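The figures here come from the full heavy-atom set of this structure, side chains too, leaving out hydrogens, waters and symmetry mates. Atoms within each ligand, like the ligands themselves, are counted from 1 in listed order. Numbering of residues begins at 1 and proceeds along the displayed sequence. A quick note: this is a predicted structure, and the numbers were derived from the prediction, not measured.
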Amino acid sequence: MSRVIGIDLGTTNSCVSIIDGGKPVVIPNTGGYKTSPSMFAISQDGKRLVGHLAKRQAITNAVNTVSSSKRLIGRRFDSPELKRAAEYFPYEIVRGENDDARIVISEKTFTCPEIAGIIVREMKRVAEEYLGEPVSECVITVPAYFNDTQRQCTKDAGRIAGLEVLRIINEPTAAALAYGLGREQEEKIAVYDLGGGTFDISILELGDGVVEVLATAGNTFLGGDDFDRRLAEYILHEFKDAEGVDLSGDLMAMQRIKDAAEKAKCDLSSLNTTEINLPFIANDADGARHLNLEVSRETLEGLVVDIVKGTLKSVEQCVNDAGLSPADVDHVVLVGGQTRMPMVQASVSEFFGQRPHKGVNPDEVVAMGAAIQGSVLASDDRDMLLLDVTPFSLGIATFDGHFAKLIDRNTTVPARKSHIFTTTRDDQSAVKIRVLQGDSNVATDNHLLGEFVLADIPQASKGVPEVEVAFDIDANGIVSVSARDLATGKEQSITVNATGTLSEEEIERIIRDNESYDLPTAGK
Ligand code: ADP
Ligand code: MG
């Protein structure tokens, strides 16, 4: 039996793990690195590059290099988050057929699931090379705070990569599985995950082979990238003050500043001050200009303190939703590269009144948890039970524009709720239902998952037909809808106009398109 791989498909870095000798092992790529940048590029000579190879040429080929595309996946082109991202990304983002965001590099348009699929395929290749055998099944992790559309897109990415996705699991839950492996006692833990692009907090209860998520909260649009951006803006500003030159329109200079900002930020996790040196950053009538700037940890902290405090609001909500107080939490597990920042650690420690647990590697623990879940699913291991929750309330739009909740946030999945619909006009043959996810009372403030049309309703006076519609959230957090006519007991036909996800034909076209590309090896 081939083995199930666990993939942490991160905004910034991706990681793949398998169970070997009963323990999760992280698989290094060809270059020996245990994580690979979640980047994809088309080089000037038309080659497709993934991972480290894509990252290495990003400065000189910024417009054709895709990074952090997870920030765009499953998002509507018109959404405010997308507009914010588009301002900062050097690559072109266009509107797709389903109002989704698509990426254009080297004059070719890619959907976001396709880019994610290319990265998943690279992780599959890394695993196959290590194992010396083909891999066909996987578990992929997503931020706990991903909605249905983002989850569906991630599942499609797995298919595009040629893998069967046995399960989509939440990143903090995966981290908890890896943390809990081999621990016997009952305990409540908080997993605080701050990566490059997303922030998640989950409170879980472990014990007796059961991992139960009590509550989850977060923000899929907040992460280390925002720290970099603040520091990059500061660098730009300081340079303008000192030299009178505005570099914001210079793509290459901006890419170098962005890179330098990230590096300085990371250095300041272990140093009190660091130098930023970017020679020949500009050239004008007065000759070449060089950027030299010293940045202190204190300066960086001042630039991002509100972001860090902002994460604590979600933490507080999550602890409340779990029905606990901070002191009830036995251990705090930190996940994600950005949690290496001392101010992040200090803020979390202060909130919970304890220092975070140090025993797990924040870059690898999510992939390890995915591998554990993969082996549980493959072997049908009944000794471990994973109970996760849905991060948003699920409901429908009412006639007056309100949001009627059917399944509350933090309900354990799988979950099912049915609702009886009727007609408002005589002989009405169809009813349209808008299904949304979110927590606002105003329907349009929530995320529209799709429109469902109940068709072929038998002729009758208004209010007489009774159609029972069942809303299901499966263990992946993915929503489906079915309907039944109560009078006849017959299944009612339903058409789904999902927004933001790909149609079956599109997925098949993308799979065919990608078959011809044999990607060069990542790493060294
Ligand atoms: P993701 O889950 O989004 O793929 P990661 O967990 O790999 O992200 O974290 C990437 C983020 O962590 C980046 O923003 C990176 O700059 C940041 N990071 C990595 N190392 C450090 C460090 N030593 N100090 C501060 N931030 C760091
Ligand atoms: Mg991550």
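For atom 8 (O) of ligand 1, the nearest protein heavy atom (residue, atom name, distance) is G196 N, 3.1 Å. Looking from atom 9 (O) of ligand 1 to the surrounding protein, the closest heavy atom is G337 N, 3.2 Å. Scanning the protein heavy atoms around atom 2 (O) of ligand 1, the nearest turns out to be G195 CA, 4.0 Å. Counting protein heavy atoms only, atom 14 (O) of ligand 1 is closest to K265 NZ, 3.1 Å.
Near G197, the atoms of ligand 1 lying under 4.0 angstrom from a non-hydrogen atom of the residue are 3 (O). With ligand atoms numbered from 1 in the order given, ligand 1 contributes 6 (O) to contacts under 4.0 Å with heavy atoms of G336. Taking every heavy atom of G224 and a limit of under 4.0 angstrom, the matching atoms of ligand 1 come to 14 (O). In summary, the atoms of ligand 1 found under 4.0 Å from a heavy atom of N13, numbered by their order in the structure, are 4 (O), 7 (O). Here is the list of ligand 1 atoms found below 4.0 Å of a heavy atom in E262: 13 (C), 15 (C), 16 (O). Close approach of ligand 1 to R340 (heavy-atom distance below 4.0 Å) involves ligand atoms 20 (N), 22 (C), 23 (N), 24 (N). Residue-ligand proximity, G10 to ligand 1, at heavy-atom distances under 4.0 Å covers atoms 4 (O).
To the nearest 0.5 Å, atom CD1 of residue I105 and atom CD of residue E92 are 11.0 Å apart.
Under the 4.0 Å criterion applied to side-chain N and carboxylate O atoms, D267 and K263 are assigned as salt-bridge partners. Ion pairing of R409 with D439 is present here, as a side-chain N (NZ or NE/NH1/NH2) and a carboxylate O approach within less than 4.0 Å. With respect to R230 and D226, no salt bridge is recorded, no charged nitrogen being found less than 4.0 Å from a carboxylate O. The existence of a salt bridge linking R84 and E81 is excluded, since no basic side-chain nitrogen approaches an acidic carboxylate oxygen closer than 4.0 Å.
Both tests pass for R229 against the ring of Y88: distance under 6.0 Å to the centre and angle within 45° of the axis.
Ligand 1 has a nitrogen or oxygen under 3.5 angstrom from a nitrogen or oxygen of S269.
By the criterion of a heavy-atom distance under 4.0 Å, both the backbone and the side chain of Q338 are placed next to ligand 1.
Other residues, nucleotides and ligands contribute over 12 non-hydrogen atoms within 6.0 Å of the NZ atom of K124.
Ligand 1 lies out of reach of G223, whose nearest heavy atom is not under 4.0 Å from it.
Using bins of under 30°, 30° to 60° and over 60° for the plane-to-plane angle, the ring pair H357/Y179 lands in the perpendicular bin.
For the pair N98/T501, no side-chain contact is recorded, criterion being any heavy-atom separation below 4.5 Å from C-beta on.
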